[in-house]
Amino acid sequence: MKTTKIKIEGMQCPSCVEHVTKALQSVPGVRRVDVRLDQPTVVEHDHVDEMLLLRAICEAGGYKGQIV
């Protein structure tokens, strides 16, 4: 299992957190997601291509993710 931390720009409210959480959970191989407004998002996954994680974040509502 691998852990990836992602800084997400553009999230402003609990609804944003919910959209990003659902989007990341829908990526095959993602095991656990911890999305917060004030900290980097933590994604535990089975060696998923990190570009798929960033794409899911963008498609969730135009947010911008950056691996940290």
Side-chain angles (χ1 to χ4, degrees):
M1 183 149 342
K2 182 176 180 182
T3 300
T4 300
K5 291 185 179 182
I6 306 170
K7 179 181 177 186
I8 301 176
E9 296 177 16
M11 293 194 309
Q12 300 176 359
C13 64
S15 181
C16 297
V17 171
E18 183 178 335
H19 289 132
V20 171
T21 298
K22 287 181 180 180
L24 288 169
Q25 288 174 335
S26 73
V27 176
V30 170
R31 300 293 173 217
R32 189 180 78 80
V33 177
D34 184 13
V35 181
R36 298 183 186 194
L37 289 173
D38 60 344
Q39 297 177 11
T41 293
V42 177
V43 183
E44 292 181 359
H45 54 91
D46 294 330
H47 300 283
V48 173
D49 182 347
E50 291 175 337
M51 291 306 295
L52 292 175
L53 302 175
L54 296 177
R55 184 179 306 142
I57 291 167
C58 182
E59 292 175 356
Y63 309 107
K64 182 178 178 183
Q66 179 181 2
I67 307 295
V68 293

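Count residues from 1 along the sequence.
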Determine the minimum heavy-atom distance between [X] and [Y], stating which atoms define it.
{"X": "I6", "Y": "G65", "result": "CG2-CA, 3.8 Å"}
{"X": "C16", "Y": "G10", "result": "SG-O, 4.4 Å"}
{"X": "A56", "Y": "V27", "result": "CB-CG2, 3.7 Å"}

Taking only residues two or more places apart in sequence or in another chain, which ones pass salt bridge (charged side-chain N to carboxylate O under 4.0 Å, His left out) with K2?
->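 Scan of K2 (salt bridge (charged side-chain N to carboxylate O under 4.0 Å, His left out), adjacent residues dropped) gives E50.
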
Go through the structure and list residues passing salt bridge (charged side-chain N to carboxylate O under 4.0 Å, His left out) with D34, not counting sequence neighbours.
->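 D34 satisfies salt bridge (charged side-chain N to carboxylate O under 4.0 Å, His left out) with R36 only.
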
State yes or no: do I57 and M51 share one hydrophobic cluster built from I, L, V, M, F, W and Y residues joined by side-chain heavy-atom distances below 4.5 Å, directly or via other members?
->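 Per the 4.5 Å side-chain linkage, I57 and M51 are co-clustered.
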
Would V48 end up clustered with V42 when hydrophobic side chains under 4.5 Å apart are linked, directly or stepwise?
->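 V48 does not cluster with V42.
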
Determine, step by step, whether D46 and R31 satisfy the side chain to side chain contact (heavy atoms under 4.5 Å, CB included) criterion, reporting the C-alpha distance in whole Å, the side-chain angles of both residues, the deciding distance to 0.1 Å, and the verdict.
-> CA-CA 7 Å; D46 294 330; R31 300 293 173 217; 2.3 Å; yes

So do [Y] and [X] actually touch side chain to side chain, heavy atoms under 4.5 Å?
{"X": "L24", "Y": "T41", "answer": "yes"}
{"X": "L53", "Y": "V30", "answer": "yes"}
{"X": "Y63", "Y": "M11", "answer": "yes"}

Start with the C-alpha gap between V20 and I8, add the side-chain angles, then the distance that decides, and say whether side chain to side chain contact (heavy atoms under 4.5 Å, CB included) holds.
-> CA-CA 9 Å; V20 171; I8 301 176; 3.7 Å; yes

Do other residues, nucleotides or ligands put more than 12 heavy atoms under 6.0 Å from M1 CE?
->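 Enclosed.
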
Other residues, nucleotides, ligands: >12 heavy atoms within 6.0 Å of Q12 CD =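 Open: at most 12 neighbouring heavy atoms sit under 6.0 Å from CD of Q12.
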
Might you work through the salt bridge (charged side-chain N to carboxylate O under 4.0 Å, His left out) test for E44 and R32, ending with a clear yes or no?
-> CA-CA 5 Å; E44 292 181 359; R32 189 180 78 80; 3.4 Å; yes

From L52 CG over to E59 CD, what is the distance, rounded to the nearest 0.5 angstrom?
->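 Separation between the atoms: 9.5 Å.
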
Determine which pairs satisfy side-chain hydrogen bond (donor to acceptor under 3.5 Å, both in side chains) with at least one residue from residues 16-26, sequence neighbours left out, and list them in order.
->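 Residue pairs passing side-chain hydrogen bond (donor to acceptor under 3.5 Å, both in side chains), neighbours aside: E18-K22.
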
